[in-house]
Amino acid sequence: MDILGKVNKVPGGIMVVPMIITAVINTFIPAALKIGGPTSGAFSGAGAMATIGMLLFTAGSQTKYSDLGSVCARGGLLVIVRLAVAFTGAWLTLKLFGPEGIWGASALAITISLASCNPGVYAGLMQSYGDTVDKSAMGILNLIAVPATPLVILGVADGTGFDYMSAVSSLVPFALGMVLANADEKVRKLFSTATPVILFFLGCCLGASINLKALSQAGVANIVLIGLIVCIFLPIMIAADKLILRRPGYAAVAATCLGGLSVVAPRIIGERLPQYQPYVESATAQLAVTLVICIFIFPYITKFIVGKFGSGVAPKAE
């Protein structure tokens, strides 16, 4: 029975397939993931941050000092473009439509959907299509995967500061892995095959926070959010990747997928910026639906771009 072969036929399958399985379990029998102990630690949202930390360490261990400039260039460009688009989108929404946004999609929901990225999905897709530099760039992308990013964007006018510790906490595992592996090549070799295993458990943890019933709540606001992400934001990301970095564009697609923490961001922002409190409940529901849709479609969009423009995987020798 070739289970792994079938899993690998799905784009980013080593992470996406376990994520879908635990999402189904969380939707229909959520108690199965909440029995505590190692089961909840390994297969529920309780283990997500620990698993992301391990993934960052492993990515760092495969990064050579000589690759650091390329890693910062690729990851840094994607981060800068994301932030620029998110700032522009938030400013235009507030300027033209106010906090209530357009067609039910509030400025809160729009800003979070443009500012939030999904390093887990990115890492899973780069495992299938990326080169070493692409995989290491996850450490840079993880800096803006936190709710602090849309919070700062929306709160600039209120003088809200940046949560520097969220950036530090993302860099420490990556830097530690990089330093150790560059000091001892055996460390790099030890962790060279660890990424697929970690991605499997990360998929389980992320899927456990997804409720597929949210799809039944989709409405016009979700069409607005998906349209902004896929029809406006995604082409900008691909254009930046292709025109500035001269890359095929698959990494830009993977980096555009909405992040899992986007669902908790509205409540955090509402507590810090009371003017957005009336929109927290609707934004949370809209982002939950948008997250599920993004997680399903972005692997296939990435696969399409790879088929059209190529990937970072070296061709196999004859």
Side-chain angles (χ1 to χ4, degrees), residues 52 56 69-96 99 101 105-123 126 134 136-171 174 225-245 247 249 251-266 268-269 272-273 276 283 287 290-291 294 298:
I52 289 174
L56 285 167
S70 298
V71 170
C72 291
R74 291 193 201 176
L77 175 74
L78 297 178
V79 166
I80 290 171
V81 173
R82 283 208 70 120
L83 292 177
V85 172
F87 268 109
T88 303
W91 183 82
L92 287 175
T93 301
L94 290 169
K95 185 75 172 177
L96 298 176
S106 65
L108 178 64
I110 289 173
T111 302
I112 294 172
S113 67
L114 295 178
S116 174
C117 73
N118 199 321
V121 169
Y122 174 87
M126 291 308 99
D134 290 321
S136 298
M138 178 217 172
I140 308 296
L141 289 172
N142 206 64
L143 295 175
I144 60 168
V146 293
T149 303
L151 172 62
V152 170
I153 291 173
L154 282 170
V156 165
D158 299 315
T160 303
F162 179 67
D163 182 5
Y164 291 100
M165 288 310 297
S166 65
V168 173
S169 64
S170 295
L171 286 175
F174 181 87
L225 296 179
I226 291 294
L228 285 173
I229 295 171
V230 176
C231 300
I232 297 178
F233 190 15
L234 184 57
I236 292 174
M237 291 287 285
I238 294 175
D241 202 10
K242 290 180 67 64
L243 297 177
I244 299 176
L245 292 178
R247 300 289 301 164
V253 178
T256 308
C257 183
L258 189 64
L261 291 177
S262 62
V263 179
V264 302
I268 294 173
I269 294 172
R272 294 285 298 275
L273 302 175
Y276 295 102
L287 289 164
T290 305
L291 172 64
C294 283
F298 267 83

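Worth knowing before you read on, the calculation uses all heavy atoms, side chains too, and leaves out hydrogens, waters and symmetry mates.
To the nearest 0.5 angstrom, Thr88 atom OG1 is 10.5 Å from Phe233 atom CZ. Atom CE of Met237 and atom CG of Leu77 lie 8.0 Å apart (nearest 0.5 Å). Interatomic distance, Leu258 CG to Ile226 CD1, rounded to the nearest 0.5 Å: 8.0 Å.
In terms of heavy-atom proximity, Ser113 sits nearest to Leu225 at OG-CD2, 3.8 Å. Taking both residues in full, the closest heavy atoms of Val81 and Ala240 are given as CG2-CB, 3.8 Å, listed atom of the first, atom of the second, then distance. Across Gly89 and Leu114, no two heavy atoms sit closer than the pair CA-CD1, 4.0 Å. Nearest approach of Leu78 to Ala251, heavy atoms of both residues: CD1-O, 4.1 Å. When every heavy atom of Tyr122 is checked against every heavy atom of Ala254, the shortest pair comes out as CD1-CB, 3.7 Å. Here the closest heavy-atom approach between residue Val253 and residue Phe298 is recorded as O-CD2, 3.3 Å.
Remark: Thr93 pairs with no residue by the side-chain hydrogen bond (donor to acceptor under 3.5 Å, both in side chains) rule, at least two apart or across chains. With sequence neighbours left out, Ile232 forms a side-chain contact (heavy atoms from CB on, under 4.5 Å) with Leu228, Ile236.
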